[in-house]
Q: 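My questions will all concern the structure given below.
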2 protein chains.
Amino acid sequence: MTRARGKAPTILDIAAEAGVSKSAVSRALSGQGEVSAETREKVERAARKLGYVANAMARGLVSSQTKTVGVLLRDMTRPFYALLQTAMQRAAEDRGYQVVTATSAADLGVADALRALRNLVSLQVDGLVVSSARLPSEEIVPFIDRVPIVVAGRRETSRGITSVFCDDADGGTVLAEHLLQLGHERIAVVLADEAYSLSQYARGFAMVERIRAVGKTPVVWHVATDREATQAITDQLDGAGVTAIMCPTDGSAVDALEVLRQRGQSAPEDCTVTGYDGFGPLNTPYLGLTTFRQPVEEIGRTSINLLLDKIEGKTDQDRLVELRGSLIEGRTAGRLPRLP
Amino acid sequence: MTRARGKAPTILDIAAEAGVSKSAVSRALSGQGEVSAETREKVERAARKLGYVANAMARGLVSSQTKTVGVLLRDMTRPFYALLQTAMQRAAEDRGYQVVTATSAADLGVADALRALRNLVSLQVDGLVVSSARLPSEEIVPFIDRVPIVVAGRRETSRGITSVFCDDADGGTVLAEHLLQLGHERIAVVLADEAYSLSQYARGFAMVERIRAVGKTPVVWHVATDREATQAITDQLDGAGVTAIMCPTDGSAVDALEVLRQRGQSAPEDCTVTGYDGFGPLNTPYLGLTTFRQPVEEIGRTSINLLLDKIEGKTDQDRLVELRGSLIEGRTAGRLPRLP
DNA sequence: CTGTTAGCGCCTTCAT
DNA sequence: ATGAAGGCGCTAACAG
């Protein structure tokens with residue numbers, strides 16, 4: 001029942017049209033090898049006329065390089081990954097590579113991630129950027145001697161893997177320090193489960209550590225994921241006597257603000273609230289979140305550049321690149337407010 | 001300088017390892033054709049042992065179908081496209097297809113979009129979903145008899161193209177009607193340029209129309225893009241005497257709220273504000289935006305399903321699928337407030 | 001049920 | 001500078 005689709009023209013069709021051999025066409029179109037100006041001209045006209053588009057499969061099959069890098073992302077609906085993707089795309093494009101992205105709809109489970117990874121490898125990508133805080137490194141290792149790999153967004157020390165990530169400990173420490181400077185004595189930290197996100201856990205852990213380091217006792221509210229912050233805060237805010245709530249993401253910080261709002265309270269008058277991320281739609285002056293900005297774009301750009309350097313043999317070294325973010329002083333954190 | 005990368009094993013290696021012919025291997029691994037349980041067993045063991053991953057290029061070259069659909073998106077940093085991507089990914093996965101996404105970093109210009117489109121075609125995708133409100137249909141047409149195409153997010157009437165989109169006129173009308181019901185007499189509409197976004201323009205236009213239809217005069221503030229709403233509102237709010245501002249997106253609605261906040265005002269007490277989209281991080285009860293929700297997930301899912309139906313020859317018909325969203329009554333719109 | 005054979009579209013020596 | 005020929009890894013007819 002399908003409408004007859006015109007078979008895509010091949011170099012043979014062009015060769016016939018232009019009255020030259022297929023190798024001449026190949027040379028003219030790929031830019032490799034010598035061709036006379038006249039031949040090139042004829043070939044190009046024929047190609048345009050027939051609407052020729054090279055078959056990347058056939059090309060990749062013989063040349064065993066596809067000028068394509070595979071990117072495995074955890075979940076595109078999170079601004080972090082969306083921005084990462086965009087930054088990578090741009091960086092790759094600048095160096096003449098194409099990006100093929102694989103994601104699972106929801107959070108990528110290990111099995112899904114592996115399948116996606118195999119698909120990418122199957123597509124003969126020249127390199128791989130893996131950014132899925134959940135995929136254990138053991139699963140990645142089997143691929144490292146088949147294709148260069150860069151892990152983005154988390155520290156990865158396996159031999160043969162370069163990783164680019166943000167120093168979560170630094171961010172958590174800086175934020176906690178900021179609140180301590182503001183005079184807060186009793187601070188709640190919403191701590192996400194390690195299994196859910198290494199990064200969220202790391203930054204929260206650093207906050208806790210920093211608060212302890214100055215002799216104060218943090219109030220730790222464990223949550224499975226940052227999306228459950230609302231529930232945790234609602235349940236435990238009363239009587240906790242905290243003057244500040246530190247959240248693992250900007251999204252959960254907004255949730256915290258909502259809990260306060262429902263009680264007729266607001267930040268920072270009644271309680272200080274901090275987030276973490278500093279990008280995306282929530283990064284708006286209207287909300288004015290006090291948060292820590294992750295250098296997403298830089299992570300993306302750096303990842304791609306290091307990967308392409310590896311692919312092109314410009315370097316043989318694995319590296320650990322740790323990027324730092326910066327504190328954003330918004331309006332949701334203030335000096336120690338009156339205690340209830 | 002590159003570390004020697006182990007050549008990927010081919011079916012020949014597996015055939016040797018398993019002691020069978022390469023076609024037996026092909027049959028066993030691809031699931032096509034009959035194979036004895038014993039052979040299959042041997043082959044699978046060998047494949048696992050050697051870490052075999054099929055070469056999608058070779059496979060696609062001969063079978064001329066790749067079980068891959070290409071998706072061209074305008075800009076991944078916008079939640080709309082990110083969510084669309086995710087929904088498509090999920091739908092495709094459910095039917096055994098892989099999604100290859102192409103985007104430009106910034107807004108996809110026509111030239112970029114075309115290049116990306118060619119790349120996708122070059123990869124021999126079995127079908128294409130195009131979602132770039134800017135790419136003129138003339139540019140798409142040349143591809144329609146090479147590969148099935150679905151346009152997502154905008155109405156497209158060219159022969160051979162199925163399109164799935166949201167009824168922006170309906171959304172704009174519903175929102176405007178809502179405000180009129182609330183008693184607003186003088187309403188500002190922030191209208192984005194048609195060249196920038198057909199959708200944003202269409203919904204704004206519908207708002208204007210609806211307001212006129214009941215004999216009132218809308219105050220139209222033209223902007224090049226929704227991202228410039230802050231400037232436009234700041235410049236023109238004073239003395240405009242409006243009691244409500246209708247914005248083309250939720251992002252710009254938040255910008256409007258910020259303009260009010262800087263004047264010590266707020267919605268809906270001093271001025272009603274509405275957005276448009278109803279998804280992503282801004283869709284949070286804390287903001288409580290009165291807005292119109294676009295059925296992004298549904299657009300994505302439907303697009304993929306229609307595309308795959310076309311690919312698999314289940315249908316030969318082009319369709320125009322118009323989906324409807326729904327009004328979200330938040331807290332930023334209220335009854336006619338006191339006039340200043 | 002299995003092995004043999006012929007390409008898929010392209011690039012790449014090798015002659016010319 | 002150009003054409004002829006071989007093969008990349010795989011599937012899909014064929015025979016057996």
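Below, chain A is the first sequence line, B the second, and so on; all start at residue 1.
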Q: Looking at S36(B), I'd like to know whether one of its side-chain N or O atoms comes within less than 4.0 Å of OP1 or OP2 on dT2(C).
A: yes
Q: In whole angstrom, what separates K67(A)'s NZ from dC10(C)'s P?
A: 19 Å
Q: If we fit an axis to the first five pairs and another to the last five of the helix from dC1(C)-dG16(D) to dT16(C)-dA1(D), what angle do they make, to the nearest 10°?
A: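 Roughly 40°, once rounded to the nearest ten degrees.
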Q: Grab the NZ-C1' distance between K42(B) and dG3(C) for me, whole Å please.
A: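 Spelled out: NZ on K42(B) to C1' on dG3(C) is 13 Å.
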Q: Find out whether I311(B) and Y97(B) are in side-chain contact, i.e. whether some heavy atom of one side chain is under 4.5 Å from a heavy atom of the other.
A: yes
Q: Which heavy-atom pair separates Q85(B) from V99(B) by the least distance, and what is that distance?
A: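 In terms of heavy atoms, the two residues are closest at NE2-CG1, 4.5 Å.
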Q: Quick one: list whatever passes side-chain contact (heavy atoms from CB on, under 4.5 Å) with I11(B), sequence neighbours left out.
A: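 With neighbours one apart ignored, the set is K22(B), V25(B), Y52(B).
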Q: L123(A) CG to dC8(D) P: how many Å, rounded?
A: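 Roughly 21 Å, once rounded to whole Å.
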Q: Separation of N55(A) atom CG from dG7(C) atom P, in whole Å?
A: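 My rounded result for the distance is 18 Å.
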Q: Checking side chain to side chain contact (heavy atoms under 4.5 Å, CB included) against I304(A), which of V164(A), V129(A), V150(A) comes through?
A: V129(A)
Q: Check the side chains of S23(A) and S26(A) for a donor-acceptor pair under 3.5 angstrom, ignoring hydrogens and angles.
A: no
Q: Scan side-chain atoms only and decide if T66(B) and D126(B) contain a donor-acceptor pair under the 3.5 Å cut-off.
A: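 There is such a pair (donor and acceptor under 3.5 Å, judged by atom type) between the side chains of T66(B) and D126(B).
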Q: On DNA chain C, nearest-nucleotide positions of E38(B) versus S63(A): which is more 5'?
A: E38(B)
Q: Write down the distance between CD (Q65(A)) and P (dC8(D)), rounded to a whole number of angstrom.
A: 18 Å
Q: Taking atom types as modelled, is there a side-chain donor on S63(B) or Q65(B) under 3.5 Å from an acceptor on the other?
A: no
Q: Pull out every protein N or O sitting under 3.5 Å from an N or O of nucleotides 14-16 of chain C, one pair per line with the distance.
A:
none

Q: Below 4.0 angstrom, which residues in residues 10-24 of chain A have at least one non-hydrogen atom near DNA chain D?
A: V20(A), S21(A), K22(A), S23(A), A24(A)
Q: Would you tell me whether S199(B) and S197(B) have side-chain atoms, one donor and one acceptor, within less than 3.5 Å of each other?
A: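 S197(B) and S199(B) do not have a side-chain donor-acceptor pair below 3.5 Å.
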Q: Among dT2(D), dC10(C), dC10(D), which is the nearest nucleotide to the side chain of V62(B)?
A: dC10(D)
Q: Just to verify, which of P79(B), S303(B), S131(B) counts as forming a side chain to side chain contact (heavy atoms under 4.5 Å, CB included) with L84(B)?
A: S131(B)
Q: With a 4.0 Å limit, can you tell me whether S26(A) has a side-chain N or O closer than that to the phosphate oxygens OP1/OP2 of dC10(C)?
A: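 No, because none of the side-chain N or O atoms of S26(A) sits under 4.0 Å from OP1 or OP2 of dC10(C).
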Q: Using whole Å, what does the distance between atom P of nucleotide dC10(C) and atom CG of L61(B) come to?
A: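 After rounding, the gap between these two atoms is 9 Å.
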Q: Between Q124(A) (CD) and dC10(D) (P), how many Å, whole number?
A: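 Q124(A) atom CD is separated from dC10(D) atom P by 8 Å.
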Q: Report the distance from atom CE of M57(B) to atom P of dC8(C), rounded to the nearest whole Å.
A: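 Interatomic distance, CE of M57(B) to P of dC8(C): 19 Å.
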Q: Using heavy atoms and a sub-4.0 Å distance, could you list which residues of residues 45-54 of chain A are near DNA chain C? By number, please.
A: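 Within residues 45-54 of chain A, the residues near DNA chain C are Y52(A), A54(A).
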Q: Starting from the C-alpha separation in whole Å, work towards a yes-or-no answer on salt bridge (charged side-chain N to carboxylate O under 4.0 Å, His left out) for E17(A) and K42(A).
A: CA-CA 9 Å; E17(A) 175 80 22; K42(A) 279 192 296 188; over 6 Å; no
Q: Is R301(B) salt-bridged to E297(B), cutoff N-O under 4.0 Å?
A: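 No, this pair does not count.
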Q: Go through the structure and list residues passing side-chain contact (heavy atoms from CB on, under 4.5 Å) with S122(A), not counting sequence neighbours.
A: V53(B), A56(B)
Q: Look up atom CG in D318(B) and atom CG in L320(B), then write down how far apart they are to the nearest 0.5 Å.
A: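 Nearest 0.5 Å value for the CG-CG distance: 9.0 Å.
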Q: Does either side chain, that of S158(A) or that of E156(A), offer a donor lying less than 3.5 Å from an acceptor on the other one?
A: yes
